[in-house]
Amino acid sequence: MARAAKSALVLCMDVGFSMSNSPPGEEPPFDQAKKVIQKFVQRQVFSESKDEMALVLFGTDATKNPLDQDGQYQHITVRRQLMAPDFELLEEIENHVRPESQQTDWLDALVVSMDLLQKGAQVKKYDRLNIVLLTDLSTQVSSDNLDVIIGNLGKLGITLQFFFPFPMEEEEHNEEGGGGDGDGDRRGSSRPGVGKGLSREQKQGLEMVRDIMLSLDEDEGLDQVYTFSEAIEQLFMFKHIERRPMAWPCQLTIGSSLSIRIVGYKAVTDEKLKKMWITVDAQTSKRDDVKRETVYCLDDDNETEVQKDDTIQGFRYGSDIVPFSKVDQEQMKYKHDGKCFAVLGFTKHDSIHRHLFMGSQTIKMFAPKDDEHAGVALSALIQALDKLNMVAIVRYAYDRRCNPQVGAAFPCIKQTYECLVYVQLPFMEDLRQFSFPSLENKKFTPSESQLAAVDSLIDSMMLVEEDENGQKEDMYKVHEIPNPAFQRLFQCLHHRAVNPGTPLPTMEQWLKDALERPSAISERCQAPLEEMKRKFPLKAVEKKKELKTGAQIFGKGSAEPDAKKSKVDEEEEEFNLAKISEGNVTSVGSVDPARDFRSLINQKSLPFGEVCQQLTHRIEQLLSNRSTHYYMKCITCIQTFREQSVKLGNADLYNSYLQSLKKSIPNSGLQVFWDLLVQDAITLISKDEVEGSTVSKDDANQFLATEEKKEVETEPAVDDAGDVDDLLDMM
Amino acid sequence: MAEWNAFYQNEEADEEQEEGEESAVNYKVTGRDSLVFLVDASKEMFIKGEDGEPSNFDITMQCVRSVYTSKIISSHRDLVALVFYGTEKSKNPRNSFKHVYVYHDLDEPGAKRVQDVEALRGERGARLAADTMGSGEVSLGDALWCCSNLYSDIKLRLSHKRLMIFTCMDQPHGGDSTKDRQARTKAGDLKETGVVIDLMHLMKPGGFDVSLFFCDIVSPPEDESELGLQVEPCGKLDDLQKRVQAKQQKKRAMARVNLCLGEGMNVAVGVYANAVTARKPSAIRLYRETNEPVHSKTRTFHTQTGSLLLPSETRKAQVYGNRQIVMEKDEVDTIKKFYDPEIFLIGFKPMEKLKLHHHIRPSVLLYPEEQQVTGSSCVFAALLKKCTEKKVFAVCRYTPRRNYPPRFVALVPQREEVDESNVQVTPPGFNAIFLPFADDIRKLDTPQFPTASDVQVDKMKEIITKMRFKYRSDAFENPVIQQHYRNLEALALDMLAPESIEDFIMPKVEQIDRRLGPLVDEFKELVYPASYNPDSKPAAKRKTADAGGGDEKKPKVEIPEAELRAHIKNGTLGKLTVPVLKEACKQFGIRTTGTKKQELMDALIAQMAK
C-alpha cells in the first residue's frame, strides 16, 4: 500500500511592531494571526496528519536563521524546523509567540521559509510544499529580487497562501454561499481595518502579492489570499476526518459469461474515531501499570480457575450446550468463492424499501479508470436501469473471509459521472416484522381543525425554500455539519492537554448553534406551534413505578437529605428499567438484590453457590456505602439468603458468610449494621432447620448474643479502628 | 485493505452495542411461551395409509420433531411438552390419571428430546410406542386435566399458553356422553386460565367431522375471517412442519422518548428496530475435560504491586500529538452528553431531498406511546397524514439515551398497509432514517467515461427485462447462519452430516444463461472490442499497459557507501526506506533474517562499525 502522502508547510508569521496596532476596541492583527495558526495546528494535531510544519517568525528582536549573514536576514527566527505538529508546537505558539518590536521585510522572511522547504525536500520527499504567510504588510519591501524569488517558487513547486488583516479587494467577494443563516452578520465583522485605509507600504505590498500570486497561478492565484477573520471562521471546527478511499476492484457478473470490470469505493459510511480510550493508573497515569486479565472459572463452590487452553467453545442447542470447537466450526462453516458482485436479477425500484437498508455504508461502483470499454458497458447498464426505473439485486462478497450479502445496486446519474450505488438489504433473519395497532382508530383520528394546525406548522417549518431566482435553498444541510461528538471530544482533549487540572470547557457556541433549529424557523413556527398546543391536548401520564425501589421501601425511615435521596432515586430508576423483567434476571443487581437472588434461585440457571456469591458480593458493595439506607437493603438480602438456604437445605454457605461477616465487623466500622442484624434476630441456620448444618440451635442463638456483650466492650475500639483506616486511606 | 477489514472486525462490537441498546430499556417484558402437544395414541393413530403412507402417529411425530428443532433455534426459552392420551400405561406427575402418558414435561426443548421424538418415528417408533405406552382407553377429560396440572406446576411467568390436540378420532369417546361432558368442562377450565386449545385433526377414512365433538373443545378463532371448523385435514400441519430457523424476536422498544415539536409540545414515541443484522449466536466457553460451562471474570490489577484496582483507581487517556491526555471516567461520559434523550424537530423538507445514498445505519420505526403521554397518538396520526399528503419528511435531532451524542434523522411517513385478508403488511409510523454528518461522507475521484449509446442501452434493457423478478425483503435467508444452525443440529443430534442448505443469494447461473440466450453475446459485441477480455486479471493488464511504469516503480535503490556512512554518523539512517536499507544490506553482503526496519538498521550499523 502506498504511504500516506506528506506535505511540508511553513507557517511564517509577522510578529513585528505594527501587528500589535489596532484601533481601540478591535482585536490587534497579531492576536488574530496567532489564533489562526493555533487553530490550524490544533486541527492538524487532532487529524493526526502526517504533514510536517515549521514555524518562522519575523519582526523578532532576536535573529536565528540559517541565512543570517553579513547583516542580512535579520530579525527572523526559525522557531521550529519541519516536523509533525504536536502539543509542543502548540505550547510554543501559546507561550513563545508574542508581539515583538522590530519590523522585517516580509520578502526576506519568505526567502527564509523557502530555504527551509528546499533543505527539507532534499532529505525527505514531500508531495506538496506550502508557505503560509501572515502579515499586515506594513514594512518597506525591497523588490529587487522579486523575479528570482518568483522563479524559485515556481521551480521548487512551492505554493503560497497569504493571510492579511484586511481584504485584498475593496469590494466583497462572494465565494461562500451555504454558510448558514448567520452569514450576514459574520461578514460585517470580517472587515475591520478596511475603513482605516491602507498605508503606502501596505498598498505596495498588496501590489507585490498580486504580482507573485498571479505569476504562480494566473487563474486562481488570488483565491489563496484570505483575511484573518475568514480563516478563523473556517478553522473553528476541527478538521473532519478524511480517509483515503480504498479501491475494491471486482467484476459485475450477469450469468456466466457477461462480466463488467468495476471498482468500488465506500461513499458514505458511519465513521468512527479510530482512537479508543485506554485505561491508565490514576496515580501514575501510566498505561503499563494497569493490566486487565480474564480468568475462567468452573461453576463450583470454589470457583476453580481453569486455564484458557483447557477451554473449548460450545453453542447452546435448546437446553443443551453442544461442544463445537473452533476448528470444527471453521471446517463445517459456510464457504464461498470469495470476492463477488453477481447479479441475481432485476426488480422494480419501488419494491426496495428505503427503511430496510442494512449495514453502515453505501458503496459506489465505477469502471476502472483506464478501462473505457468497461466504462461503456457499465454506462449501458446504468442508463438502462435508470430508464426502466429498476435496480439490480446482487450477491456481494467483499472477500473470502467475509460473509456474503444480498444488496441492491441503484443507478446513479450525475452531471459529471455515472455509477452504481450499492446498499446492503436485509436477510429474512434480520427482519423484525412487528405489527402495530392501526392509527385509523376513531379515538385517534384528528379533526379537520387539528389537521389544519399541523398543515400550517409544516408550512412554517419548511427548511427548503425557493429564493427569488426560483432556486431551491436548503438552510439546514445535515451532511455539512461535522459530527458534534468528534468536535466536542477534540475540544475537550485539547483543553485538557493545554490546561491540565482545569475543568472541561462548555460546548462551543458555533457547535451549539449548528445543532439547533435555524433561528428563522424558530421565529416563524411560534404561532403555528401555539395553535398546535391549543388544538392537541397532551398530558404526560404519571409514571407508575412497576417496582418499588429500595428508596421507596426504606427511604422514608432514613434521615438522608432530600437532594441525595432524589439522586439515588434517579439512579435506581435507570437500573430499574434494565432489571425489572423478572424473567430476565441474569445476575444479582443492586436495585433489589434480594428479589434478584430469589428469582435466580428459582430459575436454577446458575448454581446456588454462584448466586450466593453474587449476593454476598452485592452486600459488601452496599455496605461499603456506610449508609443506613443501604444497611436496610442488606438486612433484607441476608434475610432472603437465610430463607432460601433453609428452603434448599444448604446451610453451609450462609453460615460461613455470616460468621466471616461477624469477624469483619470490628475492623470495618459496621457496628451500626451489626446492631440492626441483631435487632432483627437474624441467626445462623441451626441443625434443627437444616439437617446438614453444623451449628446447634443454641450456638445459633448464641452467635448474636455473645456479640452483644463483646460489642459494649469494643465500642471505643471500633472508633479507633476506623481512624486507622482513614489514616491509611489518606496515606 | 486494512480499512475494509476493520469494518468487518467491528461487527462483533457493534452487535454488542446494538444488543445493549435494546436490552437497556426492555422494561416491558413478557414471559415465556409454552406449547403442549397432546397426542392421541389410540390404535387408530397407528394405522398406515394405503400405498405405505405413513401413519397419523408417524406424521404427528414428524411434526413434533420439526417444532422442537425450530423452537430450539427460534426461541429456546419457550417451554414445550409432549403428552399422549389413550395409552395403556400411565405416567404423569402424581400418577393420578389413567391412560395419560406424559412423555416430556413442560420444559425447554433440547437435543435429548428431539432424539426421543425421533425414536418414535417410523416402524420402529410404532413398536417402541407400543412397548412403552401401548394403546388403551381414551379419556380426553383426564388428559386435559393432566395438561392443566402441567401448566400450574410451572412457576415461571408464561405469556402464551397453547395446547395442540393431534387426533384422527372425531368422536374420541365413541359417544360416551359422560366422558364428552367431562372433557368439555376441563377444556372450558383450561380456556379460562388462558390456554388456547388448537385441534390438529388428521386424516380419517370418511373425513373428520369437527362439529361432532371438537368444536366445543377448541378455542374460538381469534380472527373472524378464519373459519374455525375445517373439514379438510388440517393445513396447519404443513405450517408446523415448515422449518423456522431464525431467532424469534420479541417486539420491544429500543427506547421510549419524546418527540419534541417545540417548547412544551412533547409527543411520546417508542423506537423500534425495523431490521437488525442477525448473527450467529455467541459461543459459550466450556471446560475441556467435562464440557461444563465456565464463566469468565475480568479484573484489573496493578502490574507493579499486583493489587486489584478499583474503577476509581484508574483513569482514561488518549494520545494525540505525542501527548497523553488524561481524563476521569465521568468526564469521558459527560463529553458524550449533549441533550437529554429526545427527538427534537428541526423542520421539514420535501421528500426528494432525502438522498438515497445517505445511509449510515439501519433505520428505526417510531410509533406513538399513548400510555406515556395521552394525546400522543392523535398528534402522531395527524403528522403522519399531513406529511404523507404534502410529501415531506421531518428532520430531527435524535438523542437515543443519556450520554449519547446526537444524530440527525429523517422521519419518513409510512402509512399502514394491509393485504387482501386484512392482515397488516406495513405498520403505520415514521421511519427514522439516519443521516450522515460531513465526516461520514467521503470524497471520491470520479472517473469519467463516454456514456453508452442508445443501441447499447437498449440491448441492456432487453437483458434486464429478461431477468426481472419480484423482490421480497424476506426472500433471502442468510446462508452463513442457516449453515451454522444445521451444523449445530447435526452435532447435537448425532447426525452423520448436517442437512444441506439452499443458498438463496447464489445467482442461478444456468437459468440466467438460458434465459438470456444470445443477448449476452450481442451486448458484448456492442460494447467490447474483440480483443477485450473483461475477465483477465486487472493486475496483469496493467502490467502490459504501462510496462514502462513498472520499471519506474522499482528504481535502483542503491546508495553510495559515503552517503550511508554519513547517515549513520548523523543518526539519520532511519530516514531511508526499507527497500533502500535492504538493498544496502545486500550491497555490503550483510545477511539479515529480519525485515523490520530497526533490524536492518542495526545490521548496517554493526557492519559499518567493523
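Predicted model, so just to flag it, every value in this text is computed and none were measured. Below, read A as the first sequence line, B as the second, and so on, with proteins coming before strands; counting in each chain starts at 1.
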Please rank [options] by heavy-atom pairs under 4.5 Å with chain A and give me the top one.
options                        : result
B:G375, B:A275, B:P427, B:G110 : B:A275
B:K470, B:Q414, B:E289, B:K112 : B:Q414
B:E108, B:E331, B:K386         : B:K386
B:D107, B:N322, B:V480         : B:V480
B:R468, B:R299, B:H357, B:Q456 : B:R299
B:P109, B:P507, B:C378, B:A475 : B:C378

Closest heavy-atom contact between [X] and [Y]?
X      : Y      : value
A:V268 : B:P436 : CG1-CB, 3.9 Å
B:S312 : A:A282 : O-CB, 4.3 Å
B:L444 : A:F366 : CD1-CE1, 4.2 Å
A:R432 : B:A273 : CB-O, 3.6 Å
B:H359 : A:G359 : NE2-O, 3.1 Å
A:G318 : B:I72  : N-CG2, 3.1 Å

Treating [X] as the side-chain partner and [Y] as the backbone partner, does any N or O pair qualify as donor plus acceptor under 3.5 Å?
X      : Y      : value
A:R517 : B:L345 : yes
B:S363 : A:H355 : yes
A:S256 : B:V509 : no
B:D440 : A:E271 : yes
B:Q424 : A:F436 : yes
A:E429 : B:N478 : yes
A:D320 : B:A111 : yes
A:R395 : B:I505 : yes

Would A:L515 and B:R397 count as a side chain to side chain contact (heavy atoms under 4.5 Å, CB included) here? Give the steps. CA-CA 8 Å; A:L515 301 176; B:R397 188 185 65 213; 4.3 Å; yes
Answer with side chain, backbone, both or neither: which region of [X] has an atom nearer than 4.5 Å to a non-hydrogen atom of chain B?
X      : answer
A:P537 : backbone
A:Y317 : both
A:P368 : backbone
A:I393 : side chain
A:M390 : side chain
A:K443 : neither

Contact origin within [X] toward chain A - heavy atom pairs under 4.5 Å:
X      : result
B:Q324 : side chain
B:L365 : side chain
B:F469 : both
B:K524 : side chain
B:Y287 : both

Decide side chain to side chain contact (heavy atoms under 4.5 Å, CB included) for B:I284 and A:F315; before the verdict, give the C-alpha distance in whole Å, the side-chain angles of both, and the deciding distance to 0.1 Å. CA-CA 6 Å; B:I284 299 165; A:F315 288 92; over 6 Å; no
May I ask you to name which of [options] has the most heavy-atom pairs under 4.5 Å with chain B?
options                        : result
A:V423, A:V464, A:V45          : A:V464
A:K364, A:H353, A:E88          : A:K364
A:I321, A:D455, A:I260         : A:D455
A:L90, A:L451, A:D288, A:I458  : A:I458
A:E418, A:R287, A:Q450, A:R354 : A:R354
A:L381, A:V421, A:L425, A:I521 : A:L381

B:K385, NZ atom: more than 12 neighbouring heavy atoms under 6.0 Å: no
Any side-chain donor paired with an acceptor under 3.5 Å for [X] and [Y]?
X      : Y      : value
A:D430 : B:T277 : no
A:N483 : B:D439 : no
B:K316 : A:T279 : yes

Of all residues at least two apart in sequence or in a different chain, which pass the side chain to side chain contact (heavy atoms under 4.5 Å, CB included) check with A:K124?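 Here the qualifying residues are A:K6, A:E52, A:Y126, B:K575.
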Under 4.5 Å between any side-chain heavy atoms of [X] and [Y], yes or no?
X      : Y      : value
A:F486 : B:P405 : no
A:I481 : B:F408 : yes
A:F536 : B:M265 : yes
A:E440 : B:E416 : yes
B:L261 : A:L529 : yes
A:V541 : B:V373 : no
A:L538 : B:V379 : yes
B:T300 : A:K291 : no

Can A:D474 and B:K353 be said to form a side chain to side chain contact (heavy atoms under 4.5 Å, CB included), step by step? CA-CA 9 Å; A:D474 189 340; B:K353 279 280 167 186; 4.0 Å; yes
Less than 6.0 angstrom from the centroid, inside 45 degrees of the normal: does B:R285 satisfy that with respect to the ring of A:Y296? yes
Any residue meeting ring-ring contact (aromatic ring centres under 6.0 Å, His included) with B:H295, in chain and number order, not counting sequence neighbours: none
For the pair A:F434 and B:Y272, name the ring-plane relationship: parallel under 30°, tilted 30 to 60°, perpendicular over 60°. perpendicular
Derivation of the side chain to side chain contact (heavy atoms under 4.5 Å, CB included) call for A:L385 and B:I464: CA-CA 8 Å; A:L385 284 174; B:I464 291 173; 3.6 Å; yes
